[in-house]
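Keep in mind that the numbers below use all heavy atoms, side chains included, and drop hydrogens, waters and symmetry copies.
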Amino acid sequence: MSIWPEEQQVVTAEGDLDTVDMTVNVGPQHPATHGVFRMVLTVDGELVVDCEPYIGYLHRGLEKLSENADYRQAMGWWDRTDYLAGMCCEGAYTMAVEKLAGIEVPERAEYIRVIMMELSRINSHFMFLGAFGADVGSFGTSFVYAWRERERIYDLFEEVAGDRMFPTYFRIGGVTMDLPDNFESRCRWVLGSIRQGLEDFDGLLTGNEVFVERCRGLTPVTPEQAIQWGFTGPMLRATGVPWDIRKAEPYSVYPKIDFEIPVGIQGDVFDRFHVRLAECYQSVRIIEQCLEEMPEGRVLAPKLPKTLRINDGELYMPTEGTKGEYGVYLMAKGGTNPYRAKLRSPSFCNLSALKELVVGSYVADAIIILGSLDIVLGEVDK
């Protein structure tokens, strides 16, 4: 016998208690998306059953702008693509133009470029380490470690190029000016600080049981899947494939330098983190060799024309960017402007697999998976 009056009794129809999928909008203004990126998650409780990524909020028309400016003027737009490693972008663009125009770069300038590009790689990876640690749950500690080292790198950039984040230091034919007299001692001091920062991250994250438990085994990727999705850089190497353009298709003075290619085991979130951490140690090793072997001489090719004109031709210049294969395609049809300019964006390719990686995971893990891709939206949207 019910204790409730008959008029207050509620009869539950079949199906009334079924759960309904809910849509969760993450971004485009959200710290977990690492930029103006938006993903719409369809969740069943805490389980992600669908993911729809949206890009384009930062599109600035890099390629069309480059086609409407002469070869030298376009430089400033390219270092704003992967804005965490502007000198890597400058290096890719200048090498593409030089190869198309047949310009030979002085050896000293090549060594300087490699030092700047590897410092930029470390700077970008520190940004990843700081943000990813916060995604997993270290709160502000990882960011403090990252910013401490990044500020020292930016200070060194400012001493060399006069600017910190967008230095536009590279020039077609070399670099804009030689290094300061105290550069070697300053750079070695910064490298010592970087090593200490990497050890701090090892202790904070790699040796953290909670961090490892949350990342190990999350969204493992096979080499076949990585190649099918167009992964390059740390995303591909995390699966165990030792592919690095600096060795596979060497450029600049990389053939003269000894360094290793860090690889992962199963391509999961932990391996993506650990490969980037290990790469920083290798970048320090590369820079130290450049400091020891850098010759004296010019830093800009002699007898460069005041107005650069390139006859008919086309080429694709692949480089090992911080996120993967950062490739520049240029076509010339005479004149002072490229007829066609295109960027092969590694972050765009890596991001294209987000849906397949996220579906089936929990909402909290979806944030970690996105963070493990290490995207930069200036490069995705162009």
Side-chain angles (χ1 to χ4, degrees), residues 59-82 85-114 116-117 120 161 166-178 230 232 245-256 295 297-321 324-346 348-349 378-379 381-382:
H59 177 64
R60 292 161 295 178
L62 161 78
E63 295 162 343
K64 187 53 65 177
L65 284 170
S66 297
E67 293 166 13
N68 286 275
D70 71 38
Y71 291 98
R72 292 187 176 99
Q73 288 175 329
M75 179 75 66
W77 294 314
W78 287 83
D79 69 0
R80 285 162 173 77
T81 50
D82 182 359
M87 294 210 203
C88 289
C89 309
E90 294 178 19
Y93 177 73
T94 53
M95 284 187 286
V97 176
E98 289 157 0
K99 194 172 181 180
L100 195 60
I103 296 172
E104 186 173 348
V105 179
E107 190 177 22
R108 179 176 176 83
E110 294 281 20
Y111 276 94
I112 294 173
R113 284 181 174 185
V114 169
M116 296 296 111
M117 288 190 289
S120 295
F166 305 121
T168 321
Y169 177 59
F170 290 20
R171 291 290 184 272
I172 295 171
V175 294
T176 184
M177 67 187 83
D178 207 343
T232 53
I245 295 173
R246 293 171 294 177
K247 281 187 176 291
E249 300 179 31
Y251 52 91
S252 191
V253 294
Y254 282 111
K256 303 178 182 180
R298 300 180 59 93
V299 296
L300 193 64
K303 299 180 181 179
L304 288 173
K306 292 184 178 180
T307 302
L308 182 60
R309 298 178 182 274
I310 302 178
N311 296 326
D312 292 358
E314 63 178 323
L315 64 80
Y316 174 71
M317 181 68 205
T319 63
E320 187 63 40
E325 183 178 333
Y326 185 100
V328 179
Y329 169 80
L330 292 178
M331 176 185 288
K333 289 194 174 183
T336 59
N337 301 5
Y339 179 79
R340 182 72 175 95
K342 180 169 176 55
L343 166 63
R344 192 273 182 193
S345 166
F348 178 83
C349 297
E379 179 205 285
D381 295 340
K382 298 180 280 188

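With sequence neighbours left out, the ring-ring contact (aromatic ring centres under 6.0 Å, His included) criterion links Tyr254 to Tyr251. Every residue was checked against the salt bridge (Lys or Arg N to Asp or Glu O under 4.0 Å) condition with Lys99, not counting sequence neighbours, and none meets it. Tyr93 meets the ring-ring contact (aromatic ring centres under 6.0 Å, His included) test with Trp78; sequence neighbours excluded. For Arg340, the salt bridge (Lys or Arg N to Asp or Glu O under 4.0 Å) partners are Glu67, not counting sequence neighbours. Applying the side chain to side chain donor-acceptor pair (under 3.5 Å) criterion to Lys247, with sequence neighbours excluded, gives no partner residue. For Phe348, the side-chain contact (heavy atoms from CB on, under 4.5 Å) partners are Ile55, Ser345, Val380, not counting sequence neighbours. With sequence neighbours excluded, the residues forming a salt bridge (Lys or Arg N to Asp or Glu O under 4.0 Å) with Glu320 are Arg237, listed by chain and number. Residues passing the salt bridge (Lys or Arg N to Asp or Glu O under 4.0 Å) test with Asp178 are Arg108, sequence neighbours excluded. Under the rule for a side chain to side chain donor-acceptor pair (under 3.5 Å), the partners of Thr232 that lie at least two apart in sequence or sit in another chain are Arg344. Annotation: side-chain contact (heavy atoms from CB on, under 4.5 Å) contacts of Leu304 (sequence neighbours excluded): Arg72, Ile103, Leu300, Ala301.
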Side-chain polar contacts of residues 312-319 - donor-acceptor pairs under 3.5 angstrom, sequence neighbours left out - could you list them?
| residue | atom | partner | partner atom | Å |
| --- | --- | --- | --- | --- |
| Glu314 | OE1 | Tyr329 | OH | 2.3 |
| Tyr316 | OH | Glu325 | OE2 | 2.6 |
| Thr319 | OG1 | Tyr326 | O | 2.7 |

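Proximity of Val105 to Arg113: side-chain heavy atoms (C-beta onward) are separated by under 4.5 Å at one or more points. The shortest distance between side-chain heavy atoms of Val97 and Leu308 falls below 4.5 Å.
How far CG of Asp70 is from CD1 of Ile310: 10.5 Å, rounded to the nearest 0.5 Å. Rounding to the nearest 0.5 Å places OH of Tyr71 at 9.0 Å from CD1 of Ile172. To the nearest 0.5 Å, atom SG of residue Cys89 and atom CG of residue Leu343 are 8.0 Å apart. Annotation: the span from Phe170 atom CZ to Glu90 atom CD amounts to 6.0 Å, rounded to 0.5 Å. The CE atom of Met87 sits 7.5 Å away from atom OH of Tyr169, with the distance rounded to the nearest 0.5 Å. A distance of 4.5 Å separates CG in Asp79 from OG1 in Thr168, rounded to the nearest 0.5 Å.
Here the side chain of Arg60 pairs a donor or acceptor atom with the backbone of Arg80 at under 3.5 angstrom.
Within the structure, side chain to side chain donor-acceptor pair (under 3.5 Å) pairs that include any residue of residues 300-309 do not occur (at least two apart or interchain).
Between Lys256 and Glu110 no salt bridge is recorded (no basic side-chain N to carboxylate O distance below 4.0 Å).
The nearest pair of heavy atoms linking Pro338 to Ser66 is CG-O, 3.3 Å.
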